[in-house]
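Working notes, structure below.
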Amino acid sequence: MADDLILVRTEGRVGVITLNRPQQLNALNDALMDALGAALLALDGDATIGAIVITGSAKAFAAGADIAAMADWSYMDVYQSDFITRNWETIRRVRKPVIAAVAGFAMGGGCELALACDLVIAAESAQFALPEIKLAMLPGAGGTQRLPRAIGKAKAMDMCLSARALSADEADRYGLVSRVVPDARLLEETLALASRIATYSLPALMAIKESVNRAWEASLTEGIGFERRQLHARFASEDAHEGMHAFLDKRKPVFTHR
Ligand code: CO8
């Protein structure tokens, strides 16, 4: 339906969520973020899905939080409704790999949504910015925390304090995105990547995601300890034994995601 804020479809073992407020450049309002969170959790709980893609339009992944919705909110409005934490952070509960396919504007909350994904594939047209300072706001959906972890303090301060936008190539160079592809091939390349990831053993993918994310949060010693327990746990999985035996037998593994 034309007024659906997101569109959800599946392609094999990949769930694809398209942000769908084109007139507002996919500005992220509460209803859209509620719908996105619900779709993410539904795909995460669907045993037939191994990876999730979030994408926007050719012009905008998302131009940020909805400024029109926020303009007259009071402190009590956002405090009592737990703005951002209440629905934007649902993505943190998703255990399967989530890939952002970004063309055009990824601004403010749109850039922060991409940063919250596990991988970002950028079209050549992609532009990443945290321009909240222009509104006398701040990147409050994880931007001040995830951006410096992704690209370092110097570049993050530049983007947050000056509202400087990064081109896709700069974002690639600085480590904000995983790869840059031609616009016409964005979805095709992202789906190929997601499909490939989704063929692997799901519990192994989830363990890797959890371990890499732990690197952002923990000391090296604690992170290595966590990784080691995850590695040991792989020996309790059917798929790891299947994967190793298939290699030795020179055949393709058949994973049951167990
Ligand atoms: N919110 C609401 N509406 C928007 C937004 C937005 N973020 N961005 C664009 N729109 C609307 C425009 O108002 C316009 O609507 P209309 O046609 O009714 O006038 C329509 O989308 C098309 O936009 P433009 O005409 O401006 O399109 P241009 O191609 O000329 O410009 C830009 C594109 C450069 C992306 C421009 O729209 C722009 O600068 N948008 C705002 C970008 C921005 O500041 N984003 C940050 C928002 S704040 C945020 O995301 C914070 C999240 C963190 C948590 C909350 C703390 C604030």
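In listed order, ligands and their atoms are each counted from 1.
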| query | Judged by modelled atom types alone, do D46 and T48 share a side-chain donor-acceptor pair under 3.5 Å? | reply | yes
| field | Atoms in ligand 1 flagged as close to K59, the criterion being non-hydrogen separation under 4.0 Å | value | 29 (O)
| task | Go through ligand 1 atom by atom and flag the ones less than 4.0 Å from a non-hydrogen atom of G108. | result | 46 (C), 50 (O)
| Just heavy atoms, cut-off under 4.0 Å: does I84 contact ligand 1 by side chain, backbone, both, or neither? | side chain
| query | Between Q23 and ligand 1, which part of the residue brings a heavy atom under 4.0 Å of the ligand: side chain, backbone, both or neither? | reply | backbone
| Nearest non-hydrogen protein atom, atom 42 (C) of ligand 1 | A63 O, 3.3 Å
| field | Candidate list R234, R229, Q230, test side chain to side chain donor-acceptor pair (under 3.5 Å), partner H232, passing option | value | R229
| message | Please tell me if atom 27 (O) of ligand 1 is touched by the protein, where touching means a protein heavy-atom distance below 4.0 Å. | response | yes
| R179 CZ: over 12 foreign heavy atoms closer than 6.0 Å | no
| Is it the side chain (CB and beyond), the backbone, both or neither of A27 that lies under 4.0 Å from ligand 1, heavy atoms counted? | side chain
| query | Within the side chain of Q127, is there an N or O that forms a donor-acceptor pair under 3.5 Å with the backbone of G104? | reply | no
| request: Do me a favour and list the nearest non-hydrogen protein atom to atom 4 (C) of ligand 1 with residue, atom name and distance? | output: Q24 O, 3.9 Å
| said: If you scan the protein for heavy atoms around atom 10 (N) of ligand 1, do you find one that is closer than 4.0 Å? | reply: yes
| message | I'd like to check atom 44 (O) of ligand 1 in this structure: does the protein have a heavy atom lying under 4.0 Å from it? | response | yes
| query | Just to confirm, does any protein heavy atom lie below 4.0 Å from atom 52 (C) of ligand 1? | reply | yes
| request: Please check if atom CZ in R173 has more than 12 non-hydrogen atoms from other residues, nucleotides or ligands closer than 6.0 Å. | output: yes
| request: State whether any protein heavy atom lies less than 4.0 Å from atom 2 (C) of ligand 1. | output: yes
| query | When clusters are formed by joining ILVMFWY residues with side-chain heavy atoms under 4.5 Å apart, either directly or through shared neighbours, do V102 and L191 land in the same one? | reply | no
| said: Could you identify the single nearest non-hydrogen protein atom to atom 55 (C) of ligand 1 and state the distance to 0.1 Å? | reply: F83 CE2, 3.7 Å
| note | min-distance protein heavy atom vs atom 23 (O) of ligand 1 -> L25 CD1, 3.5 Å
| Do any N/O atoms on A65 end up under 3.5 angstrom from N/O atoms on ligand 1? | yes
| Under 4.0 angstrom from atom 20 (C) of ligand 1, is there any protein heavy atom? | yes
| note | If we number the atoms of ligand 1 from 1 as shown, the ones under 4.0 Å from a heavy atom of E112 are 52 (C), 53 (C)
| task | Please check if the side chain of D239 supplies one atom and the backbone of H257 the other of a donor-acceptor pair under 3.5 Å. | result | yes
| field | G109-ligand 1 polar pair, N/O distance under 3.5 Å | value | yes
| Should you measure from each heavy atom of E132, which atoms of ligand 1 turn up under 4.0 Å away? | 48 (S), 49 (C), 50 (O), 51 (C), 52 (C), 53 (C)
| Protein contact for atom 37 (O) of ligand 1 (heavy atom, distance under 4.0 Å) | yes
| field | R196, CZ atom: more than 12 neighbouring heavy atoms under 6.0 Å | value | no
| Taking N or O atoms only and a 3.5 Å limit, does M70 qualify as a polar contact for ligand 1? | no
| Would you find a donor on one side and an acceptor on the other, under 3.5 Å apart, between the side chain of S57 and the backbone of K59? | yes
| said: Other residues, nucleotides and ligands only: do more than 12 of their heavy atoms fall within 6.0 Å of CE on M157? | reply: no
| message | Does either side chain, that of D34 or that of N87, offer a donor lying less than 3.5 Å from an acceptor on the other one? | response | yes
| remark: Numbered in order shown, the ligand 1 atoms found under 4.0 Å of a heavy atom of A141 are 53 (C), 54 (C)
| Of all the non-hydrogen atoms in the protein, which one sits nearest to atom 57 (C) of ligand 1, and at what distance? | M137 CE, 3.3 Å
| field | Within 6.0 Å of CZ in R251, more than 12 heavy atoms from elsewhere | value | yes
| Minimum side-chain heavy-atom gap L36-T90 below 4.5 Å | no
| field | Other residues, nucleotides, ligands: >12 heavy atoms within 6.0 Å of D72 CG | value | no
| request: Measure from the side-chain N and O atoms of K209 to the backbone N and O of K96, and report whether any donor-acceptor pair falls under 3.5 Å. | output: yes
| query | Can an N or O of M107 be found at a distance shorter than 3.5 Å from an N or O of ligand 1? | reply | no
| field | Test of proximity, W88 against ligand 1: N or O pairs below 3.5 Å | value | no
| Would L130 count as a contact of ligand 1 if the rule is a heavy atom under 4.0 Å away? | no
| task | Number the atoms of ligand 1 from 1 as they appear, then name those within less than 4.0 Å of a heavy atom of L138, with their elements. | result | 56 (C)
| field | S211 side chain to R214 side chain, donor-acceptor N/O pair below 3.5 angstrom | value | no
